[in-house]
Amino acid sequence: MLASKRILLIISGGIAAYKSLELIRLLKKQGADVTPVLTRAAQEFVTPLSVSALAGEKVYTDLFDLTDEAEMGHIQLSRVADLVVVAPATADLMAKMAQGRADDLASTLLLATDTPVMIAPAMNVRMWDHPATRRNLEVLKADSVSIVGPNEGDMACGEYGPGRMSEPSEILDAIATELTDGPLKGKHVLVTSGPTHEPIDPVRYIANRSSGAQGTAIARALVALGADVTFVTGPADVDPPTGVTLVQVETAEDMLKAVQTALPADAAIFAAAVADWRVASATGRKIKKQNGKLPVLEFAENPDILASVSRMTNGRPGLVVGFAAETDDVIANATAKRVRKQCDWIVANDVSPETGIMGGSENAVTLITPDGAEDWPRLSKTETAKRLADRVAEALA
Ligand code: C5P
């Protein structure tokens, strides 16, 4: 996947530096060449010997190393890569990058480079949330630095929250996406996926049987074609894809807000099984049994996310794709749905229990476009997703 791609990997000084050893191993496995650079602080966490042994390359550490300068000057070192990756990127190194400081080898390379830069921040949650780091992050984004993570979770310092460096496999996926010259490179595609959960009370909810498998496969296929994917998902059974901007939601109303925030997009694919109704009488307290008296739930209609995006007059994605999971008159219902919701395409399928499609690994769909209905054979959800991603790429070309 990354054969002969050259990565300049800058490791700065945080506890997450140990994960960068695994990142080097994964990059090498994909055929990439890795030139490692360690800051002084990084050497307190990982040794140049272990980094160099895994990379199979010399490790660079000093700005004023005359031997290194004679072999390959720091300017040249900053230019030979296809991508400069900073993992972990500490709050301090991010601050230096944002200010354009160059007082050691790592920061000097980052200022001198003319190749794209990606950072995987890692720091304590309060440092990540600090206004200074937020400011620096905005500056770096504006400078076209791509950001991977951080993730939320337990931290080495004993606290919990965002600030954990992304896992090496996630960073690898982001690197692969960045270096993939697929037909969807530079295109932003929004995908909704999974079911929604509509609360009845704090412990009960209404859900549906969507596993999120098809939406997840679609997002993966789009990433593989180089798309920049925002993946808005309800509580799904399957793990979310990597290499996407992940937004996790519970309810239809949350999903609508997340979709609106994620726009603009070149294309939007609505694979989520959104609940049509929410419980209008949802309470903040658990409903108690009342001696045989049954609770009565009142429903309210949820916003139709697909229809609202399809009907946008300003900033509508160029291609809007909906799904129609039906049990009867699949084609007729789906064709009518395309017109009613004003989307461009509908992916229709028969989800009657005997098909095993809902929650299964295969799908048999009909693609409905303004030109008519096209039956696709029964394929794995991965293959169905690849076909759809190819069609999206053709449409956006
Ligand atoms: O009307 P129906 O639920 O069958 O429509 C299915 C399509 O509409 C899917 O693409 C689904 O993601 C989308 N949808 C939506 N918001 C809703 C209901 C459905 O985006 N509230």
Side-chain angles (χ1 to χ4, degrees), residues 189-199 205-219 222 229-236 238 240 247-263 265 267-280 282 299-312 316-317 319-352 355 357-359 363 365-369 373 376 381 384-385 388-389 391-392 395:
V189 185
L190 170 68
V191 179
T192 70
S193 182
T196 62
H197 283 183
E198 307 296 332
Y205 57 83
I206 293 177
N208 60 64
R209 293 188 194 282
S210 165
S211 63
Q214 188 62 82
T216 301
I218 291 168
L222 292 163
V229 174
T230 301
F231 187 70
V232 179
T233 179
V238 299
V247 188
Q248 290 172 303
V249 298
E250 289 268 327
T251 66
E253 287 182 311
D254 294 343
M255 188 173 273
L256 174 65
K257 277 189 214 129
V259 163
Q260 285 165 340
T261 307
L263 292 174
I269 302 180
F270 293 89
V274 185
D276 290 318
W277 311 282
R278 67 181 175 280
V279 181
F299 287 91
E301 196 159 324
N302 269 331
D304 190 318
I305 306 165
L306 168 64
S308 73
V309 171
S310 296
R311 290 179 187 149
M312 283 171 71
R316 180 193 192 272
L319 177 69
V320 180
V321 184
F323 274 68
E326 305 284 347
T327 52
D328 309 283
D329 298 328
V330 178
I331 308 297
N333 278 328
T335 304
K337 193 170 288 181
R338 193 188 79 78
V339 176
R340 194 171 63 246
K341 300 211 183 197
Q342 295 179 23
C343 54
D344 302 300
W345 301 349
I346 283 266
V347 180
N349 59 4
D350 185 344
V351 291
S352 309
T355 64
I357 283 172
M358 207 81 173
N363 208 348
V365 308
T366 302
L367 181 67
I368 295 170
T369 71
W376 290 3
K381 287 186 175 171
T384 305
L388 185 65
R391 291 295 287 265
V392 171

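When a ligand or atom number is given, it counts from 1 through the structure's own listing order. FYI, side chains are in, hydrogens and waters are out, and symmetry mates aren't considered; it's all heavy atoms of this structure.
Any N or O atom pair closer than 3.5 Å counts here, and A324 shares no such pair with ligand 1. Of the N or O atoms in F270, one or more lie within a sub-3.5 Å distance of an N or O in ligand 1. At least one N or O atom of F323 sits closer than 3.5 Å to an N or O atom of ligand 1.
Nearest protein neighbour of atom 12 (O) of ligand 1, counting heavy atoms only, is A272 O, 2.6 Å. With respect to atom 16 (N) of ligand 1, the closest heavy atom belonging to the protein is I305 N, 3.0 Å. At the shortest separation from atom 3 (O) of ligand 1 among protein heavy atoms lies D276 OD1, 3.7 Å. When only non-hydrogen protein atoms are considered, atom 8 (O) of ligand 1 lies nearest to K341 NZ, 3.2 Å. Protein heavy atom at the shortest distance from atom 18 (C) of ligand 1 is V274 CB, 3.7 Å. Nearest non-hydrogen protein atom to atom 13 (C) of ligand 1 is L306 CB, 3.7 Å.
In this structure, K337 has a heavy atom closer than 4.0 Å to ligand 1. Residue contacts with ligand 1: E326 is excluded, as none of its non-hydrogen atoms falls under 4.0 Å.
Using a 4.5 Å heavy-atom threshold, the side chains of T216 and F231 count as touching.
Taking the six-membered ring where tryptophan is involved, the planes of W277 and F299 are perpendicular, since the angle between them exceeds 60° and thus also 30°.
A donor-acceptor pair is defined here as one N or O able to donate and one able to accept, closer than 3.5 Å; no such pair exists between the side chain of K337 and the backbone of C343. For the pair S193 (side chain) and A272 (backbone), a donor-acceptor distance under 3.5 Å is absent.
Listed here is the closest heavy atom pair of L222 and V229: CB-CG2, 3.7 Å. For the residue pair V259 and L190, the shortest heavy atom distance occurs at CG1-CD2, 3.6 Å. Of all non-hydrogen atoms in L388 and V347, the two that sit nearest each other are CD1-CG2, 4.1 Å.
Taking a cutoff of 4.0 Å between a charged side-chain nitrogen and a carboxylate oxygen, D304 and R311 do not qualify as a salt bridge.
Numbered from 1 in the order shown, with element, the atoms of ligand 1 that lie under 4.0 Å from a heavy atom of G322 read 10 (O).
When heavy-atom distances to ligand 1 are checked against a 4.0 Å cut-off, P303 comes that close only through its backbone atoms N, CA, C and O.
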Derivation and outcome, side chain to side chain contact (heavy atoms under 4.5 Å, CB included), residues L263 and M312: CA-CA 11 Å; L263 292 174; M312 283 171 71; 3.7 Å; yes

